[in-house]
Participant: 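Before anything else, here's the structure in question.
This one's a predicted model, so the numbers in the text were calculated from it and none came from an experiment. Both ligands and their constituent atoms are indexed starting at 1 by order of listing. Residue numbers count from 1 along this sequence.
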Amino acid sequence: MKQELLYEGKAKQIYSTANPDEVIIYYKDDATAGNGAKKAQFEDKGRLNSEISRMIYMDLMKNGIKTHLIKSVNEREQLCHKVDIILLEAIVRNIAAGSLVKRIGLEEGKKLNPPILEFCYKADAFNDPLINDDHAVALGLATHEELDFIRGEMRKINDYLKALWLEVGIDLVDFKIEFGRMKDGTIVLADEISPDTCRLWDSKTGEKLDKDRFRQDMGGVIEAYEEIHRRLKDRT
Ligand code: UDP
């Protein structure tokens, strides 16, 4: 059962539970882009993202990836291990898009083989800047050994996710994940994996089925999330 609101982010709320080592994560319908500059609400987005993320996490856990997820409580809420989030956005790119295109001029759609791994510092005040390992260590975010472990997990997770999305007719362009530390120091995958945090292109038509529809005012945002949810659900 949810108790006190511990933290409210852009798309989720974190509640305490009777167990001090466990929290409940509630998925809201809010959407933001451009570091909060653009805001909207999409009815049912929270439910869809919670379910999508849960299905993906279950698959990763079956493959031996350690995560914060314990179980879903209902369609919008998940019971999770309480972790200290490492203030890094871990980004994996298989196809050039988004900030990569803007920053270094790679053509959108160019295949990246091997994939590009990036870290951004989760700090709204600095607009989540791209950083390297030395910056992360100097900031005290993680040790070099931990960063190497995280990179290994990013590669494994990318391999599993690419295969999973391909099964449902989707090219995984790029995605952002986060990691947290459990009480005993173990680093686990935390936060969501959903169309809010991945770029997902239909393999046949190239249609964008992710948050870029909101960022780029393309319309059909919730319909795209519903489509993703339906394809994952039909798979199981
Ligand atoms: N991403 C995210 N949260 C962020 C920034 C990026 O989930 O705060 C995801 C984004 O959806 C994409 C990937 O990370 O799948 C790479 O994003 P990019 O660096 O291209 O940034 P953007 O163009 O989204 O600003």
Side-chain angles (χ1 to χ4, degrees), residues 7-12 25 27-28 30-40 42 45-46 48-50 52-53 56-57 60 67-68 85-112 114-132 135-136 141 150-151 153-155 157-158 160-162 164-166 170-180 189-203 206-218 221-222 224-225 228:
Y7 172 82
E8 176 147 15
K10 291 173 190 138
K12 293 188 288 291
I25 302 185
Y27 284 67
K28 303 194 286 182
D30 299 353
T32 65
N35 198 3
K38 187 169 170 176
K39 288 195 185 104
F42 295 97
K45 180 177 89 84
L48 292 166
N49 274 359
S50 175
I52 290 167
S53 194
I56 295 172
Y57 263 68
L60 291 173
T67 82
H68 68 161
I85 288 286
I86 298 174
L87 293 180
L88 284 174
E89 298 197 328
I91 293 172
V92 183
R93 302 176 180 276
N94 297 304
I95 299 176
S99 68
L100 189 68
V101 173
K102 289 194 207 122
R103 206 171 55 236
I104 60 171
L106 280 173
E107 197 183 330
E108 184 178 84
K110 184 185 160 56
K111 293 215 165 68
L112 306 167
I116 295 178
L117 272 53
E118 295 175 349
F119 289 127
C120 290
Y121 177 29
K122 262 172 74 76
D124 284 346
F126 300 104
N127 263 321
D128 298 347
L130 183 71
I131 59 169
N132 68 22
H135 295 124
L141 305 180
I150 288 172
R151 245 191 305 273
E153 294 296 279
M154 288 163 77
R155 291 210 171 85
I157 291 167
N158 185 43
Y160 296 134
L161 290 185
K162 263 197 311 193
L164 184 154
W165 288 118
L166 212 56
I170 301 273
D171 288 338
L172 177 60
V173 175
D174 58 28
F175 61 95
K176 184 266 307 180
I177 46 179
E178 297 183 18
F179 292 87
L189 179 68
D191 199 37
E192 72 185 280
I193 300 181
S194 73
D196 271 6
T197 63
C198 302
R199 284 198 172 90
L200 306 166
W201 294 355
D202 184 274
S203 305
E207 191 185 5
K208 294 180 179 177
L209 296 171
D210 57 60
K211 193 172 153 184
D212 271 352
R213 301 198 73 88
F214 171 59
R215 294 190 188 98
Q216 300 172 9
D217 297 314
M218 297 168 72
V221 177
I222 213 67
Y225 285 49
I228 293 290

Participant: For the salt bridge (Lys or Arg N to Asp or Glu O under 4.0 Å) test, which of Lys45, Lys211, Arg215 pairs with Asp196?
Facilitator: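 Testing Asp196 for a salt bridge (Lys or Arg N to Asp or Glu O under 4.0 Å) against Lys45, Lys211, Arg215 leaves exactly one candidate, Lys45.
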Participant: Does a side chain donor of either Asn94 or Asn158 reach within less than 3.5 Å of an acceptor in the other side chain?
Facilitator: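 Judged by distance alone, the side chains do pair up.
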Participant: Any carboxylate oxygen within less than 4.0 angstrom of a Lys/Arg side-chain nitrogen, looking at Lys208 and Glu108?
Facilitator: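 Salt bridge flag = yes for Glu108 with Lys208.
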Participant: Under a 4.0 angstrom heavy-atom cut-off, which atoms of ligand 1 come close to Asp196?
Facilitator: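 Taking each heavy atom of Asp196 in turn, ligand 1 has 7 (O), 11 (O) under 4.0 Å.
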Participant: Between the side chains of Lys162 and Asp171, is the shortest nitrogen-to-carboxylate-oxygen separation below 4.0 Å, so that they form an ion pair?
Facilitator: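 Salt bridge: no.
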Participant: Of Glu89, Lys10, Arg215, which has the heavy atom at the shortest distance from atom 5 (C) of ligand 1?
Facilitator: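 Nearest heavy atom to atom 5 (C) of ligand 1 lies in Glu89.
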Participant: Decide, yes or no, whether a salt bridge links Asp212 with Arg199 under the criterion of side-chain N to carboxylate O below 4.0 Å.
Facilitator: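 Judged by the 4.0 Å cut-off on N to carboxylate O distance, Asp212 and Arg199 do form a salt bridge.
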Participant: For Cys198, take its heavy atoms, then give the atoms of ligand 1 lying under 4.0 Å from any of them.
Facilitator: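 In order of numbering, the contacting atoms are 15 (O).
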Participant: Under 30°, 30 to 60°, or over 60°: which ring-plane class applies to Phe126 and Tyr121, parallel, tilted or perpendicular?
Facilitator: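 Answer is parallel, since the angle falls under 30°.
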Participant: What atoms of ligand 1 come closer than 4.0 angstrom to any heavy atom of Arg199?
Facilitator: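 Taking each heavy atom of Arg199 in turn, ligand 1 has 12 (C), 15 (O), 16 (C), 17 (O), 18 (P), 20 (O), 22 (P), 23 (O), 24 (O) under 4.0 Å.
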Participant: Record the part of Arg93 in heavy-atom contact with ligand 1 below 4.0 Å; permitted values are side chain, backbone, both and neither.
Facilitator: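 Within the 4.0 Å criterion, Arg93 contacts ligand 1 through side-chain atoms alone.
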Participant: Out of Glu178, Lys122, Lys176, whose heavy atom is nearest to atom 3 (N) of ligand 1?
Facilitator: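 Nearest option to atom 3 (N) of ligand 1, by heavy atoms: Lys176.
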Participant: So, regarding Glu118 and ligand 1 (criterion: nitrogen or oxygen to nitrogen or oxygen, under 3.5 Å), is there a contact or not?
Facilitator: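 No, no N or O pair falls under 3.5 Å.
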Participant: Heavy atoms only: which of Ile193, Asp174, Asp128 is nearest to atom 13 (C) of ligand 1?
Facilitator: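 Selected option, by shortest heavy-atom distance: Asp174.
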Participant: Heavy-atom distance to atom 18 (P) of ligand 1: which of Gly98, Cys120, Ser99, Pro195 wins?
Facilitator: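 Nearest option to atom 18 (P) of ligand 1, by heavy atoms: Ser99.
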Participant: Do the ring centers of Phe42 and Phe214 come within less than 6.0 Å of each other?
Facilitator: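 Ring-ring flag for Phe42/Phe214: true, centres closer than 6.0 Å.
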